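Working notes for the structure below.
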Protein chains: 2
Amino acid sequence: MSESYKDKKVITIGIVSELTGLSPRKIRYYEERKLIFPERTKQGTRKYSFSDIETLMEIADKIEDGVQTFEIRKEMLKKERDKMLEDKKKMIQGQLNAHFKIRKQ
Amino acid sequence: MSESYKDKKVITIGIVSELTGLSPRKIRYYEERKLIFPERTKQGTRKYSFSDIETLMEIADKIEDGVQTFEIRKEMLKKERDKMLEDKKKMIQGQLNAHFKIRKQ
DNA sequence: CGTGTAAGGAATTCTGACACG
DNA sequence: CGTGTAAGGAATTCTGACACG
């Protein structure tokens, strides 16, 4: 789980472009459509993570399949929602387990 | 062991500078002294990995302690040598184990 | 030896816009 | 809608060198 490297935003758009094969124009456009969220340096240069790069490649695949950015965004939001519910479920389960700990032994 | 992210050289010198607190001048100098080995883009811009950043911080600590770059380089070479011997040892041990596998059962 | 700085050039990045479809 | 491109400006990076100590 310690994804310190994978999620750290340190890669500039030129290198992301090389790594993904996507033009800077496309990469900026997907940000405009709220599919990726790079950070910025003080001067405003975009910084991406390895995670962002993976997301970009998934986006590229879907675009190629004719999926519109709006649809892709909906899918991403749905996945996030499902994941949060899943996490919440696990958390509650954990609390229950802790609560009935004595009984279980 | 899959350090795909940690060892991938994708970070430009400006961001490395921010992350380490070292000036670009220092970072380039340590390369000149053969303490780090960034890759280059086609146009010659240096690209560093997270590993490089960690190495840089170790170097900075030693420099602060008054250790000269030449000494640091010697230490690094020594460590590499020791590590290779260790690896070789393990490899041979593995071969021996494989060779006498039947006997061991 | 280690590091700052000014110098000049080349390549990057940014934004807003026009174009095409 | 998705993407290319020319435009103009600002910031980055590079190298070789001089400076100080």
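Each chain gets a letter, A, B and so on, in the order its sequence line appears, and its residues count up from 1. Not measured: the values here are computed from a predicted model.
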Q | Intra- and inter-strand pairs of DNA chain C in dot-bracket (Watson-Crick or G-U wobble, both distances under 3.5 Å; | for another strand) | A | .||||.||.|.|.||.||||.
Q. Within this structure, what is the CD1-to-C1' distance between A/I27 and D/dG2, rounded to whole angstrom?
A. 14 Å
(Q) For the backbone of B/M84 and the side chain of B/D87, can you confirm whether one donor and one acceptor N or O come within less than 3.5 Å of each other? (A) no
Q. Is there a side chain to side chain contact (heavy atoms under 4.5 Å, CB included) between B/I13 and B/K47 once you walk through the steps?
A. CA-CA 7 Å; B/I13 200 167; B/K47 294 183 296 183; over 6 Å; no
Q: Could you tell me the separation between the CD atom of A/E31 and the C1' atom of D/dG2, rounded to a whole number of Å?
A: 16 Å
Q.
Check this for me: A/F70, atom CZ, are more than 12 non-hydrogen atoms of other residues, nucleotides or ligands nearer than 6.0 Å?
A. no
Q) So, the side chain of A/T69 versus the backbone of A/R33: is there a donor-acceptor pair under 3.5 Å, distance only? A) no
Q) Can you tell me how far P of C/dG2 sits from CD of B/E32, to the nearest Å? A) 10 Å
**Q.** With A/T20, the side-chain contact (heavy atoms from CB on, under 4.5 Å) member among A/L56, A/I59, A/I15
**A.** A/L56
Q. In whole angstroms, how far is the C1' atom of D/dT3 from the CD1 atom of A/I63?
A. 10 Å
Q: Using a cut-off of strictly less than 4.0 Å, decide whether A/Y30 has a side-chain nitrogen or oxygen near OP1 or OP2 of D/dT3.
A: yes
Q: Heavy atoms under 4.0 Å is the rule here; annotate nucleotides 4-16 of chain D 5' to 3' with B where the base is hit, S where only the sugar-phosphate is, and - elsewhere.
A: BB-----SSSSB-
Q) Is A/K9 reaching over with its side chain to a backbone N or O of A/F50, donor-acceptor style, under 3.5 angstrom? A) no
Q. So, B/T55 side chain and B/S51 main chain: donor-acceptor pair closer than 3.5 Å or not?
A. yes
Q. Counting only side-chain N and O atoms of B/Y29, is one of them less than 4.0 Å from OP1 or OP2 of C/dT3?
A. no
**Q.** From CA spacing to verdict: salt bridge (Lys or Arg N to Asp or Glu O under 4.0 Å), A/K62, A/E75
**A.** CA-CA 11 Å; A/K62 289 177 187 169; A/E75 287 174 32; 3.0 Å; yes
